[in-house]
Amino acid sequence: MRAIAKRTAAGAGLLLIMPLTVWLSGWQWTPGGDSGWLKGMYWITETVTQPWGIITHVVLCAWFLWCLRFRLKAAVMLFAILGAAIIIGQTVKSVIKDRVQEPRPFVVWLEKTQHVPTDEFYNLKRKQRSELVKSQLTDNGEVPGWLRKHWQKETGFAFPSGHSMFAASWALLGVGLLWPRRRMFTIVLLLVWATGVMGSRLLLGMHWPRDLIVATLLSWLLVTLATWLAQKFCGPLSVPVQEAEEIAERDGEP
C-alpha cells in the first residue's frame with residue numbers, strides 16, 4: 001500500500017503543478033483570446049464530456065486490461081474496480097457540488113457584464129439557465145457560438161471539477177497500475193492529456209484553479225484505494241515470471 005501511495009502521490013504532484021501555478025500567479029479568466037487555441041481546448045474537454053466520455057472510458061479500460069494481461073476472472077474484477085473508481089469519484093463530485101454551490105467563472109462574468117445575479121441564475125431550473133445563457137449571449141461578439149452552446153449545457157456548479165476528476169483518475173490509475181509494467185509512454189500520455197483537460201476547464205471559463213486542485217486530491221485518494229484493491233484481488237501488478245515468455249511471444253518479441 002505504501003509503494004502504491006508513493007507513486008500515485010508523485011503522479012498527483014505532477015498534475016497539481018499547473019493549477020497551483022495558475023492559482024499562485026493570480027490569473028483571472030476573461031472571455032476572448034485566440035479562437036483557434038480555445039477551440040482546440042474545447043475538443044480536449046470534449047473527450048471527457050458525454051457521450052465522448054463513455055467512449056474514452058471504454059477505450060481506456062480495454063487498453064489497461066491489455067497492458068496488464070490478467071486472466072479472465074481477474075480482468076473482470078479489474079474492469080469492475082476501474083469502473084467503480086470513476087463512478088464513485090463522479091458521485092462524490094456531485095454531492096460536494098450540491099453542498100458548496102460555487103458559481104462557475106462564466107456565471108460570475110454574466111453577473112458583472114449582463115447583470116444576471118448568480119443567485120437568481122442558480123435558482124432557475126437547468127433548462128431555464130440554458131435558455132438564459134442563450135438569450136444573453138446570442139449577439140455577443142466576445143463569446144464564440146460553440147462556447148456559448150457549451151456553457152448552455154454546463155450550467156451546474158463549479159466546485160470541484162468533474163471533468164478534472166475523470167481525467168486525473170485515469171492518469172493516476174495509469175501511474176498506479178501501469179508503472180510496474182513500465183508502460184511509460186501510456187503514463188506520460190495520460191498525464192499530458194489530464195493536464196490538458198484541466199487547463200481546458202480554466203480557459204473555457206468553467207472552473208477556478210482550486211476546483212482542479214481539490215478534484216486531483218480526491219482522485220488521488222480514490223485511485224490509491226482502487227490500485228490497492230486491484231493488486232489484492234486481481235494479482236500482482238508486475239509481470240509474473242511464468243507469464244513473461246507468453247507475453248513476449250504474444251507481442252512477437254524475439
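The analysis underlying the following values was restricted to heavy atoms, covering all of them including side chains, and did not include hydrogens, waters or symmetry mates.
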Check your understanding: Between V48 and T56, is any pair of side-chain heavy atoms under 4.5 Å apart?
Key -> no
**Study point:** Check against side chain to side chain contact (heavy atoms under 4.5 Å, CB included), K134 and T138
**Key:** CA-CA 6 Å; K134 181 179 180 180; T138 299; 3.9 Å; yes
Point to revise | Candidate pair D211 and F159, rule side chain to side chain contact (heavy atoms under 4.5 Å, CB included), full reasoning | key: CA-CA 5 Å; D211 304 339; F159 181 89; 3.2 Å; yes
**Study point:** Hydrophobic cluster membership, L173 vs V92, 4.5 Å side-chain cutoff
**Key:** no
Practice item. Can you measure from CD (Q50) to CD1 (I55) and round to the nearest 0.5 angstrom? Key: 9.5 Å
Check your understanding: Under 3.5 Å, is there a donor-acceptor pair between the side chain of K93 and the main chain of G162?
Key -> no
Check your understanding: Rounded to the nearest 0.5 Å, how far apart are CE of M206 and CH2 of W151?
Key -> 8.5 Å
Practice item. Determine yes or no for a side-chain-to-main-chain donor-acceptor pair under 3.5 angstrom, with T45 supplying the side chain and M41 the backbone. Key: no
Check your understanding: Just by distance, do the side chain of Q101 and the backbone of D98 share a donor-acceptor pair under 3.5 Å?
Key -> yes
Check your understanding: Looking at L172 and S219, what are the two nearest heavy atoms and their distance?
Key -> CD1-C, 4.1 Å
Practice item. State the CG-OG1 distance between L229 and T224, to the nearest 0.5 angstrom. Key: 11.0 Å
Check your understanding: Where do W29 and H207 land on the ring pair (Phe, Tyr, Trp, His ring centres under 6.0 Å) test, with the steps shown first?
Key -> CA-CA 9 Å; W29 173 82; H207 287 286; over 10 Å; no
Exercise for review: Write down the atom of S161, the atom of A215, and the distance for their closest heavy-atom approach.
Suggested key: O-CB, 3.4 Å
Practice item. Tell me, yes or no, whether the heavy-atom count around W23 atom CH2, taken from other residues, nucleotides or ligands under 6.0 Å, exceeds 12. Key: no
Review point. Does CH2 belonging to W146 count more than 12 external heavy atoms closer than 6.0 Å?
Key: yes
Practice item. Following the transitive rule for hydrophobic clusters with a side-chain heavy-atom cut-off under 4.5 Å over Ile, Leu, Val, Met, Phe, Trp and Tyr, establish whether M165 and I213 coincide in one cluster. Key: no
Check your understanding: Are L137 and L110 close enough that some pair of their side-chain heavy atoms sits under 4.5 Å apart?
Key -> yes
Practice item. With the side chain counted from C-beta on, respond yes when P105 and W208 share a heavy-atom pair under 4.5 Å apart, and no when they do not. Key: yes
Exercise for review: Flag the pair L177 / L82 as yes when at least one side-chain heavy-atom distance between them is below 4.5 Å, and no otherwise.
Suggested key: yes
Revision key, fill the gap. CG (L212) and CG (L15) are apart, to the nearest 0.5 Å, by 10.0 Å
Revision key, fill the gap. Between A194 and A171 the two heavy atoms that sit nearest each other are CB-CB, 3.8 Å
Review point. Mind checking whether L124 and Y122 sit in one hydrophobic cluster, side chains of I, L, V, M, F, W, Y counted as touching below 4.5 Å?
Key: yes
Point to revise | Check against side chain to side chain contact (heavy atoms under 4.5 Å, CB included), T30 and W109 | key: CA-CA 8 Å; T30 55; W109 175 78; 6.0 Å; no
Practice item. Considering non-hydrogen atoms only, spot the tightest contact between V197 and S200 and give its length. Key: O-OG, 2.6 Å
Exercise for review: For residues P209 and L202, determine if any side-chain heavy atom of one lies less than 4.5 Å from a side-chain heavy atom of the other.
Suggested key: yes
Check your understanding: Would L20 end up clustered with L217 when hydrophobic side chains under 4.5 Å apart are linked, directly or stepwise?
Key -> yes
**Study point:** Spacing of CH2 belonging to W27 relative to CG belonging to L203, to within rounding of 0.5 Å
**Key:** 5.0 Å
Practice item. Taking the side chain as every heavy atom from C-beta outward, state whether W193 and L60 have any pair of such atoms under 4.5 Å apart. Key: yes
**Study point:** Heavy-atom pair of closest approach, residues R183 and W63
**Key:** NH1-CZ2, 4.5 Å
**Study point:** Shortest non-hydrogen contact from V223 toward S169
**Key:** CG2-O, 3.4 Å
Point to revise | side chain to side chain contact (heavy atoms under 4.5 Å, CB included) between L132 and F121, worked out | key: CA-CA 8 Å; L132 179 60; F121 180 86; 3.7 Å; yes
Practice item. Just say parallel, tilted or perpendicular for the rings of Y42 and H150, cut-offs at 30° and 60°. Key: perpendicular
Review point. Only one of L218, V214, T91 forms a side-chain contact (heavy atoms from CB on, under 4.5 Å) with I96, so which one is it?
Key: L218
Review point. Any link between L191 and W170 through a network of hydrophobic side chains (Ile, Leu, Val, Met, Phe, Trp, Tyr) touching at under 4.5 Å?
Key: yes
Practice item. Starting at CH2 of W179, measure out to OG1 of T186 and round the result to the nearest 0.5 Å. Key: 13.0 Å
Review point. Is any side-chain heavy atom of R210 closer than 4.5 Å to a side-chain heavy atom of E102?
Key: yes
Review point. With a 4.5 Å heavy-atom cut-off, do R201 and R104 have their side chains touching?
Key: yes
Review point. Is a side-chain N or O of R129 found less than 3.5 angstrom from the main chain of T155, in a donor-acceptor match?
Key: yes
